[in-house]
J.: 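Let me give you the structure first, and then I'll get to my questions.
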Amino acid sequence: DVDISEYDSLLDMFEECFERYPNRRACEYLGKFLTYSELDQHSRHFAAYLQNLGLEPGSRVAIMLPNVMQFQIAMLGVLRAGFVVVNVNPLYTARELEHQLKDSGTSAIVILENFAHVYQQIAANAPLKKTIVTSMGEMIGVKGAIVNFVVRNVKKLVPAWELPGHILFTQALSEGGPHQWNRPNTTLNDIAFLQYTGGTTGLSKGAILLHKNILSNVIQTDLWLEPGLKRKQVDQLVFLCALPLYHIFALTACALMGMRKGGLLILVPNPRDFDGFIKLLKKHPDINIFPGVNTLFNALMHKPEFASVKFPNILATIGGGMAMQKVVADQWQKMTGAPIAEGYGLSETSPVACVNSALIESFTGFIGLPVPGTEVVILGDDGIEVPFGTPGEICIRGPQVMAGYWNKPEETKNVMTSDGFFRSGDIGIMNADGLTKIVDRKKDMVLVSGFNVYPNEVEEVLSLIPGVLECAVIGVPDEVSGEAVKAFIVKQ
């Protein structure tokens, strides 16, 4: 089981890290570093700035940033101010952004200048009390000026924008500096994050993640990692943050877990720049923890330069966010020597629910066992547990399960069983050892002449065909069988 009784909220965990590791490097971005002590100071100043905006307690503050230092400072600052973080995907369209800001009732936003034009389009429909704008190079001194010049004038990645009354991120920090930061009386039952997700239906809704949900999941992940750490003495764990920190997987497994361990976060602002990414990997043979997704592992291996990347200090390579394909995992292990431990979770479970042991010797094809304090059952459509080996819906109960969907009591009721299990919407099979294998999303299942066809299974087979880089399978209407299977293939 997990015990979080030593903490009153995430704030206690943050302060423990700042006290324990003040001189350690907390994050690296484009070759520049922030120490834990600097992170403490900057986030306190940002919290003080937010507290002086006259926002109500529990106000929502949106963060629309890629993996830059400002993300970690802003996220900690919002929580230390006693407010709620609303993570926003920077690639959202204006329509998606408007829905999220209105639905969450957001009061302020921290946004990268590259995306400011998106907010500008809907600012009149979703007015905020404060807009804080930052840039790729704002926190890294002289080098930052060069970075900004290249981003704005050479790569032309910043469309023209105008947001009257906005403030720059560094200005907000200096304005917060002289003000007194008042530590809020945050409790374990207060909301920490509204994490937006398609969930089991299409429309994006906010999963309410309380301080106790997130804290439990960080400690569950920590307990899971412990055996893996015994393999090698490491002075400071190094986490590769290639997945976006606004996504729940990287938020918990990198940003927060990294802090709890006093780790160093290597921030990758754009992993799609594979040449830059591979250069970074070559510079960091010290990487210990590499969370990734199937598409990222696959894309890296198809770059010839990746063949010379070595991971001599890797302790755990974690696959999550989507189904891992065996062909990709096996090839990754062949090239790097590191097996991929597949995990499973959802925004609604903060996210980690199950994961393979960090000590596995090769890819298992299962999502592993539930993390400590977590129960997983496979239920049929009638809500009754199915026998081992029979497909059914994966349902999860544990301290990391959300408090519900923001302002959507009906939706919340639909995904919770009467005895507190969250219905994931994923179809899985559990074996007699308690290991679960994901078959597919419930809503992705294709019904062919009354038979259930799971796209993941077809994709798994297609991915073994030489010359197939990626594939996706969907159901299309068919006069004879009701539905037929259609595959989309990207050739190598």
Side-chain angles (χ1 to χ4, degrees), residues 25 27-33 66-68 136 140 143 146-147 150 154-155 225 228-229 231-245 249-250 253-254 258 263-322 324-342 356 358-363 463-471 490-492:
R25 291 171 163 183
C27 44
E28 178 193 335
Y29 168 70
L30 300 182
K32 296 288 180 183
F33 295 91
N67 291 4
V68 291
M136 294 295 284
I140 55 172
K143 185 177 183 178
I146 300 163
V147 168
V150 171
V154 181
K155 296 189 175 175
L225 185 61
L229 299 183
R231 278 193 268 186
K232 190 178 285 206
Q233 265 325 105
V234 178
D235 292 334
Q236 183 184 20
L237 283 176
V238 178
F239 290 75
L240 179 69
C241 304
L243 298 180
L245 295 176
F249 179 25
C254 290
L264 168 63
L265 307 183
I266 308 289
L267 301 176
V268 183
N270 177 18
R272 289 187 183 88
D273 166 16
F274 288 111
D275 297 336
F277 187 17
I278 289 169
K279 266 187 209 150
L280 178 81
L281 291 175
K282 286 181 177 173
K283 239 177 67 185
H284 277 286
D286 53 350
I287 290 164
N288 306 123
I289 314 287
F290 185 164
V293 292
N294 192 81
T295 43
L296 178 67
F297 295 129
N298 196 21
L300 279 173
M301 291 188 297
H302 281 87
K303 291 283 171 193
E305 308 79 36
F306 183 72
S308 57
V309 175
K310 298 285 176 277
F311 294 102
N313 293 297
I314 201 83
L315 294 171
T317 309
I318 312 158
M322 63 186 295
M324 274 303 311
Q325 289 177 328
K326 182 172 166 47
V327 65
V328 173
D330 289 349
Q331 180 64 13
W332 181 266
Q333 184 167 358
K334 200 167 134 187
M335 288 184 78
T336 67
I340 293 178
E342 186 172 14
N356 278 275
L359 299 172
I360 57 162
E361 288 178 6
S362 60
F363 181 70
S463 68
L464 297 170
I465 298 170
V468 173
L469 176 64
E470 289 184 307
C471 57
V490 178
K491 294 195 293 185
Q492 272 180 13

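Everything numeric in this text was worked out from a predicted model, so none of it was measured. Worth knowing before you read on, the calculation uses all heavy atoms, side chains too, and leaves out hydrogens, waters and symmetry mates.
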J.: Can you tell me which residue pairs pass the ring pair (Phe, Tyr, Trp, His ring centres under 6.0 Å) test with a partner in residues 277-296, sequence neighbours excluded?
T.: Phe290-Phe297, Phe290-Phe311, Phe290-Trp332

J.: Any chance you could measure His302, atom NE2, to Glu470, atom CD, to the nearest 0.5 Å?
T.: 8.5 Å

J.: Minimum heavy-atom separation for Ala338 to Ile314, with atom names?
T.: CB-CG2, 3.7 Å

J.: Determine whether more than 12 heavy atoms belonging to other residues, nucleotides or ligands lie under 6.0 Å from atom NZ of Lys282.
T.: yes

J.: Specify the closest pair of heavy atoms between Cys27 and Leu267, including all atoms of both residues, with the distance to one decimal.
T.: CB-CD1, 4.1 Å

J.: Show the numbers, then the answer: is there a side-chain contact (heavy atoms from CB on, under 4.5 Å) between Val328 and Ser463?
T.: CA-CA 9 Å; Val328 173; Ser463 68; over 6 Å; no

J.: Partners of Leu464 by side chain to side chain contact (heavy atoms under 4.5 Å, CB included), sequence neighbours excluded?
T.: Val327

J.: For Asn288, which residues count as a side chain to side chain donor-acceptor pair (under 3.5 Å) partner, sequence neighbours excluded?
T.: none

J.: To the closest 0.5 Å, what do you measure between OG (Ser308) and CE (Met335)?
T.: 9.0 Å

J.: Counting C-beta onward and ignoring hydrogens, is there a side-chain heavy-atom pair between Cys254 and Leu243 closer than 4.5 Å?
T.: no

J.: Mind listing the closest non-hydrogen atom pair of Pro269 and Met136 along with its distance?
T.: CB-CE, 3.8 Å

J.: Partners of Lys303 by side chain to side chain donor-acceptor pair (under 3.5 Å), sequence neighbours excluded?
T.: none

J.: Could you tell me which residues satisfy ring-ring contact (aromatic ring centres under 6.0 Å, His included) with Phe249, sequence neighbours excluded, listed by chain and number?
T.: none

J.: Going by side-chain contact (heavy atoms from CB on, under 4.5 Å), Leu30 matches just one of Val68, Val147, Ile146. Which one?
T.: Val147

J.: Could you walk me through whether Asp286 and Ile266 satisfy the side-chain contact (heavy atoms from CB on, under 4.5 Å) test, starting with their C-alpha distance in whole Å, then the side-chain angles of each, then the deciding distance to 0.1 Å, before giving a yes or no?
T.: CA-CA 10 Å; Asp286 53 350; Ile266 308 289; 5.5 Å; no

J.: With Leu359, which residues qualify under side chain to side chain contact (heavy atoms under 4.5 Å, CB included), at least two apart?
T.: Pro227, Arg231, Ser357

J.: Could you pull out the closest heavy-atom pair between Ala299 and Phe274, with the gap in Å?
T.: CB-CZ, 3.4 Å

J.: Evaluate Ile340 against Gln333 for side-chain contact (heavy atoms from CB on, under 4.5 Å), listing each step before the verdict.
T.: CA-CA 7 Å; Ile340 293 178; Gln333 184 167 358; over 6 Å; no

J.: Can you name the side chain to side chain donor-acceptor pair (under 3.5 Å) partners of Glu361, sequence neighbours left out?
T.: none

J.: What distance do Thr336 atom OG1 and Leu281 atom CG have between them, rounded to the nearest 0.5 Å?
T.: 11.0 Å

J.: Which value, rounded to the nearest 0.5 Å, describes the distance between Lys310 atom NZ and Ile287 atom CD1?
T.: 14.0 Å

J.: What residues, two or more places apart in sequence or in another chain, satisfy side chain to side chain contact (heavy atoms under 4.5 Å, CB included) together with Asp235?
T.: none

J.: Between Leu296 and Pro271, which heavy-atom pair has the shortest distance, and what is it?
T.: CD1-CB, 4.2 Å

J.: Only counting residues at least two apart or in another chain, list the ones meeting side chain to side chain donor-acceptor pair (under 3.5 Å) with Asn67.
T.: none

J.: Would you compute the distance between atom CD1 of Ile318 and atom CG of Leu225 and round it to the nearest 0.5 angstrom?
T.: 7.0 Å

J.: Suppose we screen for salt bridge (charged side-chain N to carboxylate O under 4.0 Å, His left out). Which residues come up paired with Asp330, at least two apart in sequence or across chains?
T.: Lys326

J.: Could you tell me whether the side chain of Asn313 reaches within less than 4.5 Å of the side chain of Val234, counting heavy atoms only?
T.: no

J.: Please identify each residue that fulfils side chain to side chain contact (heavy atoms under 4.5 Å, CB included) with Lys32, with sequence neighbours left out.
T.: Met69, Ile140, Lys143

J.: To the nearest 0.5 Å, what is the distance between CD (Glu342) and CG (Asn294)?
T.: 8.5 Å

J.: Quick check against the 3.5 Å criterion: does Tyr29 have a side-chain atom that pairs as donor or acceptor with the backbone of Leu265?
T.: no

